[in-house]
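Written out below as structure tokens is the structure these notes cover.
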Amino acid sequence: MMAFVHRFFDTSKLINLVLNISLLLLAVGAALLVGAVMIWLMDADPVKAYQALYEGAFGTTNSRAETLVKATPLLFVGIGICVAFRGGVVNVGGEGQMIIGALAAVWVALSFDTVPRFLENIPIHDFPHIFIVTASLLAGFLAGAAWGGIAGVLKAYFGVNEILSTIMLNQIALQLMNYLLNGVLLDPDQKDRVNRIPKTARIQDYAKLPRLEWFSDTPTRLHAGLIIGLALAVVVYILLWRTTLGYRIRAVGQSNRASRYAGINVKRQVLNAILISGGCAGLAGAVQVLGLQYRMQTDGSAAGFTGNAGFNGIVAALFGGLHPIGTIPASVFFGALLIGAQSIQREVQVPASLITTLNGLVVIFVVSSQIFIKRLTKRRASVPPQPTTPKSVPALQEEPTQ
Amino acid sequence: MPEHLLPTGHRRIDQMRMQGIVKKFPGVLAVDHVDFDVKAGEIHALLGENGAGKSTLMKILYGLYHQEEGQVFLNDLPVVIRSPNQAIQHGIGMIHQHFMLVPSLTVAQNVALGMKSSRGFLLDIDMVSKRIRELSEIYGLQVNPSTPIWQLAVGEQQRVEILRALYRGAALLILDEPTAVLTPQEVDDLFRILKQMTADGHALIFISHKLHEVLAISQRITVLRDGKQVYSIPTETATKETLAHMMVGRPVVLHYDLRPIEPGPARLRLEEVSATSDRGDEGLKKVSLQLHAGEIVGVAGVSGNGQRELAQVIAGMRSTSSGKIWLDNHDVTNHSPAAMNQHGLSHIPEARMTDGVIKNFTVAENFVLQNHGRKPYAWGGVFMNFRNITRQCKTAIKDYEIKTPSHETPIKSLSGGNIQKLVLARELSRQPRVLIAAQPTRGVDIGASEYIHHRLLEERTKGTAILLISEDLDEILALSDRIVVMYEGAIVGEVKRDQADIRTLGLMMAGSKVPV
Amino acid sequence: HHTRSAKAQDTFKVAVVMPSASNDLAFSQSMFDALTAIDAEMGDSFEFVFQEGTFVVDDAAVALREWASSGEYNLIIAHGSQYGAIIEELAPEFPDVSFAWGTDVDTFGYDNVFAYEAASDQGGFVNGVLAALLTKSDVIGVVGPIEVGDAKLYVDGFKAGVAWVNPEIAVNVNYIQSFSDVALASEAAQAHIANGADVLTGSAQMVVGAVGVAKETGNVLWFGQQSNQTELAPEIVVANQVYHWEIVLKDIISQIQSGTLGGTSYTLTLANGGLVIEYNDAYALSGFDKFVADAAIQGIIDGTVTYTLE
Amino acid sequence: MITDIIKASVAASAIRLATPYIFASLGETFGQRSGVLNLGVDGIMLLGAFAAYYAVFETGNLLLGVLAALIVGMLLGLAMAFISVTLQAEQGISGIGVYLFGLGLSELLFQKTVSTPTPIEGFPRINFPVLTDLPVLGEIFFHHNLLVYVAFALVPISSFILNRTTFGLQIRAVGQNPEAADAMGISVARVRYMTVMIGGALAGLAGASLSIALLNIFQSNLTAGQGFIAVALVYFGAWRPYWVMGGALLFSTVNALQLQVKTIENALGINVPSEFAVMAPYVVTIITLIFASKRVEQPTALTKPFERGES
Ligand SMILES: Nc1ncnc2c1ncn2[C@@H]1O[C@H](COP(=O)(O)OP(=O)(O)OP(=O)(O)O)[C@@H](O)[C@H]1O
Ligand SMILES: Nc1ncnc2c1ncn2[C@@H]1O[C@H](COP(=O)(O)OP(=O)(O)OP(=O)(O)O)[C@@H](O)[C@H]1O
Ligand SMILES: [Mg+2]
Ligand SMILES: [Mg+2]
């Protein structure tokens with residue numbers, strides 16, 4: 001743990017961090033400036049709009065809570081993306097993996113429609129609750145991992161490019177969700193209605209992740225998923241840089257050839273990377289259901305459930321330097337942006353599409369500003385040569401795994 | 001050079017002069033006020049240790065880097081060269097240390113790359129191929145224009161690079177370590193071509209770590225050390241010893257004393273091993289070989305005759321199509337690299353930058369590439385033990401005199417020689433019973449080469465069985481107890497060290513069966 | 001122009017969240033049009049704000065909670081059946097705030113929740129009757145989004161209407177599993193036509209693609225649903241079932257004004273005028289066909305025409 | 001039963017469905033061959049679709065519509081090139097940014113201009129003398145609008161450009177070994193700018209093919225994610241135009257087939273859940289790839305920004 005603290009608090013890193021953050025803010029500012037012009041062109045007041053953005057994201061206890069709620073699935077997906085990309089796997093299947101994870105979690109949660117007797121007899125406070133929630137989360141992780149694993153097996157053993165397979169698997173997962181929510185998982189109350197809504201029954205209270213009541217006096221939707229996400233970030237950080245498994249995954253991500261030379265089973269590590277990544281995305285889905293929505297429902301689209309977290313998590317991870325710890329602030333940043341942007345729509349009544357445009361601009365400006373950060377860090381690193389953190393982004397597409 | 005082959009608009013270079021060139025990189029003064037010149041019809045050699053600044057100086061001339069100070073003159077006119085494109089237009093060509101070829105394209109396509117086509121925006125590969133054949137004939141460079149580069153051996157790729165420079169009508173040609181990957185025969189061929197080029201009025205700059213080559217081919221020699229020009233003399237007044245001394249800053253031992261050792265029991269046995277090459281043909285044909293404790297067996301051969309496959313098959317990186325491999329009487333045929341490591345095999349791979357190390361990993365991380373999951377580097381095979389890794393790596397850095405800012409530096413910012421030393425340190429630290437050393441000193445300067453050779457000999461004394469694969473016959477002759485020669489995937493002969501001479505070895509490498 | 005200003009105390013303020021664009025010619029637009037109509041009628045004493053394009057369920061939760069906790073709105077509408085779970089959670093938390101949601105009938109037992117739905121099977125039935133009368137090939141095609149909710153109700157009603165006229169007529173239904181894929185909807189329509197359909201209908205916003213195909217083919221008719229789609233293809237649209245949520249909203253408003261915050265669930269029907277069959281005047285419907293359709297409408301209203309949905 | 005399913009109309013449908021994919025995937029092929037991954041294709045398609053639609057809506061001139069889509073696509077390609085080549089931004093994310101930007105802006109502009117989905121007169125079906133009236137073949141091949149033929153004509157043209165021209169050679173070299181290309185005097189940046197702009201223009205055209213040729217209408221998110229499938233199809237086709245076309249046709253054929261099966265399933269007496277029918281093209285695409293050969297010329301520098309002197 002000391003080494004961990006040390007890693008994050010040496011001065012040169014601190015300066016880099018400050019630089020990073022100021023540039024990030026500058027880029028966001030530039031994007032918002034362009035956005036201001038657009039808002040103004042829409043006959044709305046940009047100042048009021050951005051006030052609304054800030055207020056919407058941070059202004060009240062509730063908005064702060066909502067920002068964190070929005071950040072939670074981004075964090076889970078982002079952490080998974082760190083593992084995948086470090087292992088040289090471009091996992092754009094977060095959407096599908098979230099869906100499958102959520103389906104598994106809700107299925108397990110629902111199967112405990114009463115607290116089983118054997119759980120009640122254990123004299124630990126809240127044991128049935130902890131057991132059922134853990135089982136549901138685990139199911140979410142495993143199912144997400146399995147769904148990612150399909151792409152992993154296809155890549156490692158059949159040479160099918162994972163960008164292709166994960167894009168396709170997202171659609172397949174979506175249809176699977178629609179099928180199950182309108183079929184075996186359908187809320188029994190809905191079964192006999194002609195115009196039934198494709199949703200599951202609500203999970204029991206003891207299957208829910210608790211809300212974080214200490215966060216404020218008034219109830220918010222902030223739930224324990226955030227805490228799990230933070231813990232997961234630390235765990236995955238340790239996994240990647242403190243364990244032999246992480247070493248192997250990173251080695252394979254950097255060089256298939258050198259890894260093969262080193263006796264590392266490249267295919268297995270490719271699979272490991274995407275299994276973990278898919279598992280994290282699966283957890284994101286599970287947490288959304290167990291902590292927030294308490295049931296699954298579909299409007300026929302993936303985003304209706306995931307809120308695009310499967311994609312936004314990639315952005316968060318890359319802005320977080322493909323580092324699980326860096327992904328934490330990056331997720332909060334994006335959570336705030338997404339929440340604040342909606343508030344613009346409500347407060348100054350600009351179309352939702354302006355908000356989407358604005359999000360696009362922020363992503364573009366922030367990602368474009370990275371080069372200046374890179375240049376600055378390089379110049380700073382001049383004399384003497386600095387030991388670098390594992391910051392380098394692995395080459396995404398190296399040789400085919402054969 | 002025959003006039004009809006010169007592209008139009010091309011300029012003749014009678015004289016090129018670089019004056020007071022300074023180039024800084026973050027933290028290093030790579031080139032420090034260097035004057036350098038070359039004339040038409042002459043070869044000027046550039047010498048220096050790894051990282052002395054040779055490549056940097058030449059990249060400035062070729063427009064890849066820009067000098068902070070100094071001026072380049074062509075035919076006494078100051079010129080500014082901002083890009084390779086401008087260099088090419090001035091008639092400057094460069095053959096890079098790492099080949100600049102596109103593997104999936106054919107020879108002709110690589111040559112045509114970046115050239116104007118006679119048919120406008122349509123490619124005219126037939127025309128290019130025809131001209132390539134003409135040039136091949138004139139200079140005796142055999143290549144098939146329609147072969148993709150990835151199918152060519154390194155030596156052949158080198159020929160393509162030279163052909164391309166000739167094709168483009170380079171009046172001034174920079175050759176950055178062109179011989180590092182060539183066999184003696186290929187070097188002879190190259191030298192013949194270079195001489196022909198100078199006779200045709202080309203100006204040539206030649207970089208090499210091999211002193212005898214420099215002495216043999218150049219008219220003038222300049223030595224760089226730490227970016228500074230420390231020595232510039234006509235070749236006829238230079239000797240190996242002075243040159244080595246000037247480069248390294250201390251005297252260098254150029255000959256080794258190989259005391260005979262009684263070889264121990266056989267450690268590695270190959271029985272009629274065959275394997276398929278990357279190209280899909282039979283790369284290894286029924287190779288049988290025995291390696292005893294305490295001996296160095298040299299594998300000589302022209303590159304691309306199965307040496308790569310041999311090393312990879314033993315290391316478990318390539319599967320055999322038939323035959324058996326025994327390590328200490330265990331059948332290890334087609335075992336994984338991990339298993340081979342377990343059995344006590346160490347392997348210095350030929351392609352150190354792509355196979356031997358992970359460029360973005362730190363020195364320390366690279367130091368435990370194979371053993372990261374084992375004691376003392378890991379707890380229970382799960383958690384890395386960085387305290388031990390750091391300690392052992394620091395010891396290795398000290399013992400092997402590896403020049404690196406720290407054990408946490410990404411290995412890619414070390415020079416090739418130092419990377420090679422780290423690989424060596426790692427492989428020897430595992431106390432191997434058998435060591436495969438493939439091209440251990442390729443592209444490494446003489447100071448470092450000397451060091452690596454000493455280490456190999458020490459290892460031999462300790463009783464390790466060593467297979468030394470090298471295209472450098474001098475190295476083979478200096479270090480091997482026995483020498484086997486490979487040709488077209490098969491072992492075509494074996495000689496004892498004291499019976500070996502360069503001429504017969506050269507003949508065997510060319511495929512003639514010399515009975516031993 | 002619908003910005004919130006708390007000046008007039010007696011202004012009735014509504015906030016609504018909806019899944020797609022407010023001008024989607026379908027579900028979201030039906031609510032937007034209703035609110036606009038009420039706004040026109042009540043003038044200064046009515047105001048509404050909206051958040052459109054909120055297909056992400058979770059985002060709707062943020063908006064609804066924000067509105068609820070602001071305490072500024074007399075009524076908060078969650079226009080989308082996928083938002084039900086949010087209302088279920090918010091309602092007990094904000095007992096003084098009135099919520100409405102649809103399309104569903106469930107008020108979750110809370111007395112501050114209104115629920116509303118449309119008996120779209122009724123208009124579907126009428127459309128089906130007309131379609132059956134007009135088809136010459138005896139093949140009719142339906143393009144649907146996903147096989148649930150409002151869309152399924154309409155389609156099932158439509159099928160019943162066709163069967164009421166002539167059970168021999170084939171009604172081919174294609175749920176393309178998307179509310180937004182216009183291209184797929186268009187190809188589904190092509191497939192229907194290639195298999196002999198000469199009358200088409202469909203539900204949800206992606207059907208504009210199908211309307212286009214019908215129009216281009218020339219001799220294929222279209223029946224609209226949710227909004228008046230006549231302008232998409234004046235030559236071939238025969239009739240539309242249009243939702244008039246105004247009648248529900250008006251009642252809700254008056255209930256709230258008299259102190260009742262919820263507890264009622266509404267259904268738009270032909271009888272209560274919430275569902276209206278709007279004919280396309282430009283289409284020359286024969287007197288007989290119109291007579292039968294009107295008879296069906298009347299029959300449904302007075303209960304003489306009954307049907308069962310599959 | 002089989003003859004009920006496999007009909008000329010299904011083939012014709014497949015050809016129409018494939019058209020936007022072919023445009024967009026060919027464009028993406030150019031970019032990727034030179035080493036630039038543009039994940040923002042869908043956003044460019046949307047803006048191209050809107051530009052074409054709006055131009056036709058205002059002027060009724062179809063050529064102007066095509067031109068508008070090309071220009072808008074090219075400009076977005078230019079922006080994408082600037083971001084990923086000059087600013088060397090992470091290509092995966094900048095693509096997502098461009099996607100969001102295009103998705104939002106196309107809808108915003110639509111709402112501010114036309115506002116409600118309004119049909120326009122798009123490219124008409126071409127009536128070929130004799131050919132159009134041929135049985136079966138006429139319906140499959142000679143019953144389409146101009147842009148459909150342009151899309152398919154672009155396949156051999158793209159293949160020709162990539163394999164037989166100096167520009168194509170430069171593209172391949174830059175995508176495989178930018179250092180080598182640079183050393184041979186080729187401007188890596190110039191080549192990448194051009195390919196990404198070509199990619200943008202073709203993505204714009206893909207959008208136009210939807211809004212002014214196949215659907216003749218605009219609506220928010222008209223493409224419904226087709227741009228992402230187009231990127232996937234580039235991998236399917238392993239960066240070769242003909243294979244990319246094959247992928248687009250395979251995907252679209254399965255899609256047309258599932259629509260056909262669903263349409264007549266009552267008559268066939270079967271009941272395939274819609275969800276599985278809609279899933280079919282995705283599943284078939286993946287499965288096909290498992291059996292496809294893998295020996296390809298891969299742009300090894302894909303997603304890697306190039307900077308001279310960095311090795
Ligand atoms: N791209 C670069 N960025 C930073 N520093 C560099 C770069 N290229 C070279 N250097 C520095 O310049 C110095 C000279 O390097 P150069 O490649 O010219 O050496 P060299 O003489 O060619 O060595 P070798 O014999 O290994 O080829 C090195 O010490 C190195 O630190
Ligand atoms: N990107 C870089 N950043 C910093 N230093 C660099 C970089 N590239 C090269 N160098 C430095 O340039 C020097 C020579 O590098 P080069 O790549 O020529 O080595 P090499 O060719 O592998 O060595 P050898 O001559 O042994 O083959 C090294 O000392 C290395 O530190
Ligand atoms: Mg070097
Ligand atoms: Mg060099």
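Just so you know, these numbers come straight off a predicted model, no measurement behind them. First the proteins, then the strands, lettered A, B, ... as listed; each starts at 1.
- Expressed to the nearest 0.5 Å, how far CD of D:Glu90 lies from CZ of A:Phe85 amounts to 7.0 Å.
- Interface residue A:Ile172: backbone and side-chain heavy atoms are both found under 4.5 Å from chain D.
- The part of D:Thr285 that comes within reach of chain A is its side chain, from C-beta onward, which places non-hydrogen atoms under 4.5 angstrom from that chain.
- Using a 4.5 Å cut-off between heavy atoms, A:Met42 touches chain D through its side chain atoms alone.
- With sequence neighbours excluded, no residue forms a salt bridge (Lys or Arg N to Asp or Glu O under 4.0 Å) with D:Arg192.
- Partners of D:Asp182 according to the salt bridge (Lys or Arg N to Asp or Glu O under 4.0 Å) rule, which considers only residues two or more places apart in sequence or in another chain, are D:Arg308.
- Put simply, of D:Leu100, D:Leu233, D:Ile229, the one with the most heavy-atom pairs under 4.5 Å next to chain A is D:Leu100.
- Proximity to chain A is absent for every atom of D:Ser84, based on heavy atoms less than 4.5 angstrom apart.
- D:Val234 does not touch chain A: none of its heavy atoms, backbone or side chain, sits under 4.5 Å away.
- To the nearest 0.5 angstrom, D:Ile287 atom CD1 is 10.5 Å from A:Phe158 atom CZ.
- Residue-level contacts of residues 354-367 of chain A with chain D, in order of numbering, are A:Leu354, A:Thr356, A:Thr357, A:Asn359, A:Gly360, A:Leu361, A:Val363, A:Ile364, A:Val367; threshold 4.5 Å between heavy atoms.
- A:Leu174 CG to D:Tyr282 OH: the interatomic distance, rounded to the nearest 0.5 Å, is 8.5 Å.
- Rounded to the nearest 0.5 Å, atoms CZ (D:Phe251) and CE (A:Met168) are 5.5 Å apart.
- Atom CG of A:Asn178 and atom CD of D:Glu275 lie 6.0 Å apart (nearest 0.5 Å).
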* Show the numbers, then the answer: is there a side-chain contact (heavy atoms from CB on, under 4.5 Å) between D:Leu87 and A:Gln370? => CA-CA 8 Å; D:Leu87 297 180; A:Gln370 298 290 301; over 6 Å; no
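- A:Leu176 is listed as a side-chain neighbour of D:Met279, based on a closest heavy-atom distance under 4.5 Å.
- Taking D:Phe276, D:Phe82, D:Tyr99 one by one and counting their heavy-atom pairs under 4.5 Å with chain A, the maximum is reached by D:Phe276.
- Expressed to the nearest 0.5 Å, how far CG of A:Leu164 lies from OH of D:Tyr235 amounts to 9.0 Å.
- The salt bridge (Lys or Arg N to Asp or Glu O under 4.0 Å) check on D:Lys262 picks up D:Glu265, with sequence neighbours excluded.
- No side-chain heavy atom of A:Pro351 sits less than 4.5 Å from a side-chain heavy atom of D:Glu107.
- The local environment of OH in D:Tyr193 is crowded, with over 12 non-hydrogen atoms from other residues, nucleotides or ligands closer than 6.0 Å.
- Taking 4.5 Å as the limit, some side-chain heavy atom of D:Ile286 sits within range of a side-chain heavy atom of A:Leu169.
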